[in-house]
There are 2 protein chains.
Amino acid sequence: MIKTRLIQLRNIMTEIKADVYVIKTADFHQSEYTGVYFNEREFMSGFTGSAGTLVVTKTKSALFTDGRYFIQAQRQLQGTEIELMKLDVTGTPTILEYIDANVSENGCVTFDGRTIEAAWGLELEKTLNKKNATILYAKDYIDIIWTNRPSLSKEPAYILDVKYAGEPVKDKLKRLRSKMTQKDADTHLIATLDDVCWLFNIRGNDVKCNPVVLAFAVITMEEVYLFTDEDKFSDEVKNVLMVDNVMIKSYEDVYSYVEKLEKATILIDTQRINYSMYKKIPATAKTVVVENPTVLMKAVKNNIEVQNLKAAHVKDGVAVTKFLYWLSENMRTKQNVTEISASNYLENRRREQEGFIELSFDTICAYNSNAAMMHYSATAESNAVLEPKGMLLVDSGGQYYEGTTDITRTIALGPVTKQMKKDFTLTLKGMLNLSSAKFLYGCSGMNLDILARGPLWSEGIDYRCGTGHGVGYLLGVHEAPNGFRWKLTPGRNELCVLEDGMVTSNEPGVYIEGSYGIRIENEIVCKKAQKNEYGQFMEFEMLTVAPIDLDLVDTAYLGAIDIERLNKYHRFVYDTLSPYLDDKERLWLKKYTSAV
Amino acid sequence: MIKTRLIQLRNIMTEIKADVYVIKTADFHQSEYTGVYFNEREFMSGFTGSAGTLVVTKTKSALFTDGRYFIQAQRQLQGTEIELMKLDVTGTPTILEYIDANVSENGCVTFDGRTIEAAWGLELEKTLNKKNATILYAKDYIDIIWTNRPSLSKEPAYILDVKYAGEPVKDKLKRLRSKMTQKDADTHLIATLDDVCWLFNIRGNDVKCNPVVLAFAVITMEEVYLFTDEDKFSDEVKNVLMVDNVMIKSYEDVYSYVEKLEKATILIDTQRINYSMYKKIPATAKTVVVENPTVLMKAVKNNIEVQNLKAAHVKDGVAVTKFLYWLSENMRTKQNVTEISASNYLENRRREQEGFIELSFDTICAYNSNAAMMHYSATAESNAVLEPKGMLLVDSGGQYYEGTTDITRTIALGPVTKQMKKDFTLTLKGMLNLSSAKFLYGCSGMNLDILARGPLWSEGIDYRCGTGHGVGYLLGVHEAPNGFRWKLTPGRNELCVLEDGMVTSNEPGVYIEGSYGIRIENEIVCKKAQKNEYGQFMEFEMLTVAPIDLDLVDTAYLGAIDIERLNKYHRFVYDTLSPYLDDKERLWLKKYTSAV
């Protein structure tokens, strides 16, 4: 099947004289996760992971993906001609290098420009200029091959009441326009779906687990346009948007609109608009290329959002605790539970919570060695039966009107080894250490990452990924710009200052290939501590409320301060959750949050 | 006197039609510390600090300096028209902003271009271009006013034997040329004195505490020129340099030499050459503007240098320990000791050590509240008599053939408060914590700074400066690019990766204005730890060998791991130093390094 599709593509490439065809995992909005309409890379390669780029030349093809998906991609590409390219592994060319090696002098690279980030397209232009090669980007040729393609999502949009969003649209627009003025811009193009939804206090259902609406926005000093499928907007929703003079225009018309901005000074984020849109900007227009101001505005949660998030985390903690109790009972009574049935049980506990909308990502429920794969997703074939021994890693989250959650717990299902307990305890120590940090305003995640990683590094262990990511409010579970990382990644704003109201995950772990995986993840919100002659001190508050498995704690690896932190957290967990539990669950929680 | 000098300068300014005259604390080599010939800023302002910029306009004048010198500058500027500008304090303009505000359309800014860093001059050009104003930089007008100016240093240069330097000049040149080739450069101008001395394995005595020779170097693929005062070089030294074909030319001729590089591709570091030299580069020459490759090469000490440094630190530790014993005896018997007499006693103990050359900086010996000034220097007026109570801070170091040392100890002279002990203990905890770090290769000081600062930040205390700086090898006590800092400073390479062989100070502290100051400083060398599937781990080894005052330690603020680290360090100190001490000193050290 893949073979036939690649033949079809190469026939087209010959016709249009293209040396290379590039298919990224992307929609028209630089989304991390995309609707089914956009699964061209999956359609053409058979690889179903959430991230990867397929590059097809006249004679060969390659799929570039990252460490999360090496094993899965290897399996799914088997039997095809497509070579797996392991990104960030020594010896692997970058996608640009690979393209460069496969394009001839005066040659041509083709892709659907709407699915390519402008910044990357501009980088490619630089590379191709040296060979006098060109880019053909105005047409989606895969659409010709993909005859039974699903249609674009038609799910309705809805208003997120200000009691959830915390700030009226008019205030957000005012703040945004003032930032545009600071940058001497009079027009701003927003293509990223979470930025658009945040700005207009709207949500939708166009991407699974991401309650967004497919839309572009254009903000000028006087006008506001939303380019979207008008059918998704009920009269009621339109009436609310009308209050702020938001004018709805057809989704596809954004390109012709941009083409007419001849005298504008346009604020754009080339990492957050697509290449086709960028190329529509008239030569006479000025551009101000900076990060979308909404990125930082959205990351700093307002007081109402933070209060709501706390409520969401209590609901989420209740669901997780009920699940943990059920799991421990089932292990005791040796019931038949699998990774998938456990995931389903947990999902149902979340669905019982008031204000729950959907999961915030596909639950990772991974038993023993499956957990060594950071982003494991159980399939019918891999679905392991849980036995009363070893460890289960469960990384899950929900979308609530009160916000987005993301929590990981690793649980002993029965006897575990001393090494497992040691690794779990060091992970816990790091998680508590970072959560307890106090630091001067001005610190970024880069300054703090070692607080979580240090206890593992001291033992010669690393977890090969960031310690944490920003989390949206009823939006993406991964949100820029805040995070905890120790290395600079090009194009990422690692040095973003931690602001009062930023919500970040804190999730160190240990992953032993073929053996087991451990991750403990709490979300923490940054807030102000004291201000004195040295400056404004900042600290974190735990948002996540769920017990940490004491059966996996070996106090030999904890100092007095670590034990104090663990016991304090467990008192908070018990006090917060116990009113929502039945007697059996409460007794169980009492025991599993008792002081060590 | 200052008044008369400023009148003379303003007369000159009128004559040459200058709006602004700028005098930086600088020689022609961007040195941190300079010879007496270069003290123009001190001559014109009366301020004697090691850092500061005087800006004189037709009607007013301002001295810009940093937090180390606010108190001293305030006092020394008293009675003059010169306004103190506190750098990095909210509301203080930058020097560029101040100049911009005081230069008229088509106006003129004047300075001796040889004393201005090229990068700063180029920034100024940008600012002035907007006003069509110009820079007059070819003449040193202060020289006209300063009639009894000291002459340039005439001190002899000497060869640093390869048994000290660890690498022959020819090997250094080979490595340097390979780095030039990587950057497509065929010529490299080096103006920084430590880089020149490191490259040619020479030392001199042209700057107090900095054993350097005033010289410029030009390296091409075939030739090597040293522009310096030939009289400083004996025939013996010349013969050694001749082996590597180093040709000596007159100091002043470097400018006319650069002027002739019409076809060269010149590697320059605009932060490390002066503006006049930069302006001499012909328009037809190409430039490659990067950090001098010697900066990183010199920072990574080779194995012989590290072994020598360990020997130097033992000598230094013996001197410091003898001093500490003497001090404790004198406090017990209530002898009359002052800050200055204590400094002298310590200096004499260093002078007794074989291979000692000079101090590596003016000793900071600061009693009680004097120690709250980070860079206090006792004068005849301020010189405090030490009493058997409170704390004494002693920050000192030596230049040995085996390398440069820098150590700070804070000592209880008698009864101290609980708060002093708490602050000392938290400082100690931070120092030990950073020194014990294990981390993956790729970390910079920014990743690690919080390990030292964290224990103080947790209590709402900060020390308002970096945690540590690189240290030279028989060169500057402050050396780029490594360091421990948490904030990015423009123009500084904070993200420089910590390499095997880099030597950095680790010196957290607490400074309570008007009350006391605490600093504990050890030098640590970075080295490889294990390499495994996660990558190359790195760790530090303590170079500094001297006891930490147990009378100031309150174990209530230490965890089990901190106590283990302290006792381990003290065992190392006793074992290393005891063979070099007399019986009384040894007994005293035994007690003061006993396990807590």
Side-chain angles (χ1 to χ4, degrees), chain A residues 90 429 433-434 436-465 467 484-489 494-495 497 510-513 529-539 555-565, chain B residues 90 429 433-434 436-465 467 484-489 494-495 497 510-513 529-539 555-565:
Chain A
T90 317
K429 189 183 169 100
N433 201 28
L434 174 55
S436 310
K438 193 151 105 182
F439 52 92
L440 271 177
Y441 177 80
C443 274
S444 69
M446 256 192 84
N447 295 116
L448 307 185
D449 185 87
I450 198 168
L451 297 178
R453 211 177 291 267
L456 292 166
W457 273 0
S458 288
E459 299 288 323
I461 302 170
D462 184 44
Y463 41 88
R464 292 195 185 100
C465 60
T467 297
F484 299 115
R485 288 184 195 86
W486 69 275
K487 265 194 217 174
L488 287 182
T489 313
E494 316 284 0
L495 295 170
V497 167
V510 176
Y511 305 92
I512 311 290
E513 208 184 317
Q530 81 251 52
K531 188 175 182 172
N532 61 20
E533 66 268 39
Y534 301 109
Q536 175 68 57
F537 281 90
M538 310 296 287
E539 61 191 3
T555 52
Y557 301 103
L558 296 178
I561 183 84
D562 307 313
I563 289 175
E564 193 184 309
R565 287 166 179 167
Chain B
T90 317
K429 189 184 168 100
N433 201 28
L434 174 56
S436 311
K438 192 151 106 181
F439 52 92
L440 271 177
Y441 176 80
C443 274
S444 69
M446 257 193 84
N447 294 117
L448 306 185
D449 185 89
I450 199 166
L451 297 178
R453 211 177 291 268
L456 292 166
W457 272 2
S458 288
E459 299 287 323
I461 302 170
D462 184 44
Y463 40 89
R464 292 195 187 99
C465 60
T467 297
F484 299 115
R485 289 184 193 85
W486 68 274
K487 265 194 217 176
L488 286 184
T489 314
E494 316 283 2
L495 296 170
V497 167
V510 176
Y511 306 92
I512 311 289
E513 207 184 320
Q530 80 252 52
K531 188 173 182 174
N532 60 22
E533 67 267 39
Y534 301 110
Q536 176 66 58
F537 282 89
M538 310 295 287
E539 60 191 2
T555 52
Y557 300 104
L558 296 179
I561 183 84
D562 307 313
I563 288 174
E564 193 184 311
R565 288 167 179 167

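So you know, we letter chains A, B, ... as the sequences are listed, proteins then strands, and number each from 1. A quick note: this is a predicted structure, and the numbers were derived from the prediction, not measured.
Residues Phe537(A) and Ser458(B) have side chains not in contact (no heavy-atom distance under 4.5 Å, counting atoms from C-beta outward).
Across all their heavy atoms, Gln530(A) and Glu459(B) have their closest contact at NE2-O, 4.3 Å. Across Asp462(B) and Tyr534(A), no two heavy atoms sit closer than the pair O-CE2, 3.1 Å. Counting all heavy atoms, side chain and backbone alike, Trp486(A) lies closest to Tyr441(B) at CH2-O, 3.5 Å. The heavy-atom pair separating Glu533(A) from Arg464(B) by the smallest distance is O-NH2, 3.1 Å.
No part of Ile561(B) comes within reach of chain A, as not one of its non-hydrogen atoms sits under 4.5 angstrom from that chain. Of the two parts of Asn447(B), the backbone and the side chain both hold a non-hydrogen atom closer than 4.5 Å to a non-hydrogen atom of chain A.
Rounded to the nearest 0.5 Å, atoms SG (Cys443(A)) and CE (Met446(B)) are 8.0 Å apart.
No other option in Leu495(A), Leu448(A), Ile461(A) has as many heavy-atom pairs under 4.5 Å with chain B as Ile461(A). Put simply, of Gly460(B), Gly559(B), Ala560(B), the one with the most heavy-atom pairs under 4.5 Å next to chain A is Gly460(B).
Around atom CD of Gln536(B), more than 12 heavy atoms belonging to other residues, nucleotides or ligands sit under 6.0 Å away. Heavy-atom neighbours of Lys487(A) NZ from other residues, nucleotides or ligands within 6.0 Å: at or below the threshold of 12.
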